[in-house]
**Q** 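Let me begin by handing over the structure; questions about it come next.
In each ligand, atom 1 is the first atom listed, and ligand 1 is the first ligand listed.
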Amino acid sequence: MTAISQAIHTLQGSLPKGVDLVAVSKFHPVEALMEAYNAGQRIFGESRAQELIKKVPEMPDDVEWHFIGHLQTNKVKSIIPIVSLIHSIDSEKLLRTVDEEAGKAGRIVDVLLELHVAQEESKFGFTTEDSLRLAGDGTFASLKNVRIRGVMGMATNTEDEAEIAKEFHAIRAVFDTLKQGAMSANPEFSIVSMGMSDDYEIAIAEGSTMVRVGSKIFGPRQY
Ligand SMILES: *Cc1c(COP(=O)(O)O)cnc(C)c1O
């Protein structure tokens with residue numbers, strides 16, 4: 001068994017029921033993705049539109065492609081026909097662009113709201129206040145071609161596990177507030193995407209339903 005298939009089996013065997021695994025395959029060649037595929041993995045996450053578009057025809061048709069990186073509005077149109085879930089909706093402008101392009105393509109696209117809770121200045125995403133406001137003022141309900149499936153977030157890149165747990169807790173709390181409030185009529189609002197190679201166990205303990213794991217499966221990124 002290869003290291004990649006071993007990692008997939010180990011992860012798939014250790015994740016609690018109700019937690020999905022996104023294999024983050026950015027910067028890895030299709031041969032590596034195929035090893036994961038042959039080990040049973042079907043959900044792959046990519047963070048750059050061009051790389052995603054290039055890989056799709058080289059992989060089997062039953063792969064579910066998730067987009068997880070910062071998405072520029074001028075790239076939205078190119079990924080709409082491909083993606084089954086966009087994790088990284090980080091602004092109202094991007095959300096509206098996805099809605100518009102999905103409409104033109106005759107698709108309804110599943111998306112997550114990326115929340116900004118980490119201490120790093122550079123991270124994109126909605127504040128708690130913005131996400132509650134947009135849910136409450138009817139903006140989400142007015143968008144007909146996107147389905148808001150949940151939230152996504154990243155913790156600060158730190159060794160401080162208490163800080164990481166606190167930030168994941170905050171993401172889950174926003175999800176719960178929306179789920180019990182403005183999104184309560186939407187049963188499809190059900191996904192909390194949080195946790196990467198170094199912190200997915202903390203994320204699961206704090207209520208993640210979907211982890212995005214890259215280097216722990218594929219090793220260091222290759223290009
Ligand atoms: C790269 C990336 C991951 C995976 O990171 P690893 O540390 O390699 O597991 C997860 N989520 C996002 C948004 C990423 O960009």
Side-chain angles (χ1 to χ4, degrees), residues 3-12 14-15 19-29 32-33 35-36 39 41-53 55 63-72 75-76 79 83-91 94-95 98 110-126 149-161 163-165 167-168 170-172 174-175 191-223:
I4 291 173
S5 55
Q6 183 67 59
I8 292 288
H9 287 304
T10 305
L11 269 165
Q12 289 287 17
S14 70
L15 295 179
V19 177
D20 290 322
L21 173 64
V22 179
V24 175
S25 50
K26 63 186 185 197
F27 306 108
H28 289 283
L33 278 69
E35 285 182 33
Q41 182 64 28
R42 291 296 178 271
I43 308 177
F44 290 84
E46 289 284 338
S47 61
R48 295 190 312 182
Q50 256 174 315
E51 186 176 347
L52 171 67
I53 290 164
K55 281 175 176 169
V63 167
E64 232 185 82
W65 295 100
H66 288 194
F67 195 85
I68 63 167
H70 177 60
L71 180 57
Q72 291 165 281
K75 297 280 166 61
V76 168
I79 70 162
V83 286
S84 61
L85 182 65
I86 302 175
H87 290 231
S88 43
I89 299 294
D90 56 15
S91 70
L94 179 60
L95 182 64
V98 171
D110 283 358
V111 302
L112 303 178
L113 304 171
E114 181 172 349
L115 302 178
H116 175 102
V117 296
Q119 287 171 339
E120 282 112 331
E121 290 287 326
S122 62
K123 294 226 163 100
F124 299 97
F126 291 97
R149 297 292 315 275
V151 301
M152 177 270 222
M154 277 177 273
T156 303
N157 187 6
T158 171
E159 300 283 303
D160 182 350
E161 295 198 353
E163 175 63 28
I164 295 170
E167 293 173 2
F168 284 147
I171 293 165
R172 176 73 204 205
V174 174
F175 172 82
I191 300 174
V192 181
S193 166
M194 56 187 194
M196 315 188 351
S197 291
D198 290 338
D199 58 18
Y200 71 92
E201 283 160 319
I202 304 172
I204 290 168
E206 294 299 336
S208 172
T209 70
M210 189 174 273
V211 293
R212 309 177 309 273
V213 179
S215 41
K216 201 176 165 81
I217 297 170
F218 296 108
R221 291 186 247 291
Q222 302 217 341
Y223 52 86

**Q** Does Gln6 have any side-chain contact (heavy atoms from CB on, under 4.5 Å) partners at least two apart in sequence or in another chain, and if so, which?
**A** Met1, Thr10

**Q** What I'd like to find out is whether the side chain of Ser5 reaches to under 4.5 Å of the side chain of Glu35, using heavy atoms alone.
**A** no

**Q** Can you sort out which atoms of ligand 1 are near Ser197, meaning under 4.0 Å from one of its heavy atoms?
**A** 6 (P), 7 (O), 8 (O), 9 (O)

**Q** Does Lys26 reach ligand 1 with a nitrogen or oxygen that is under 3.5 Å from one of the ligand's nitrogen or oxygen atoms?
**A** yes

**Q** With sequence neighbours left out, write down each residue that passes side-chain contact (heavy atoms from CB on, under 4.5 Å) with Glu159, or none if nothing qualifies.
**A**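 Counting only residues at least two positions away or on another chain, Glu159 forms no side-chain contact (heavy atoms from CB on, under 4.5 Å).
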
**Q** Kindly confirm or rule out an N or O of Lys216 lying under 3.5 angstrom from an N or O of ligand 1.
**A** no

**Q** Treating Thr158 as the side-chain partner and Asp160 as the backbone partner, does any N or O pair qualify as donor plus acceptor under 3.5 Å?
**A** yes

**Q** Within a distance under 4.0 Å of any heavy atom of Val213, pick out the atoms of ligand 1 and give their elements.
**A** 9 (O)

**Q** Under 4.0 Å, heavy atoms only, figure out whether ligand 1 is touched by the backbone of Ser47, its side chain, both or neither.
**A**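 Under 4.0 Å from ligand 1, Ser47 contributes no heavy atoms.
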
**Q** Would you say Gly214 and ligand 1 have an N/O pair spaced under 3.5 Å apart?
**A** yes

**Q** Provide the number and element of each atom of ligand 1 under 4.0 Å from a heavy atom of Arg212.
**A**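 Checking each atom against Arg212, I get 4 (C), 9 (O), 10 (C), 11 (N), 12 (C), 13 (C).
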
**Q** Name the closest protein heavy atom to atom 13 (C) of ligand 1, giving the residue it belongs to and the distance to 0.1 Å.
**A**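 Answer for atom 13 (C) of ligand 1: Ile68 O, 3.5 Å.
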
**Q** Okay, side chain of Thr209, backbone of Val192: is any donor-acceptor separation there less than 3.5 Å?
**A**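 Yes; judged by distance alone, with no hydrogens or angles, the pair exists.
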
**Q** I'd like to know if Asp198 contacts ligand 1, where contact means a heavy-atom distance under 4.0 Å to any ligand atom.
**A** no

**Q** Check the angle between the aromatic planes of Phe124 and His70 and answer parallel, tilted or perpendicular using the 30° and 60° thresholds.
**A**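 Parallel.
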
**Q** Which protein heavy atom lies closest to atom 5 (O) of ligand 1, and at what distance to 0.1 Å?
**A** Met196 CE, 3.6 Å

**Q** Using a distance-only test with no angle check, is there a side-chain donor-acceptor pair under 3.5 angstrom linking Glu114 and His116?
**A**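 No - no donor-acceptor pair under 3.5 Å links their side chains.
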
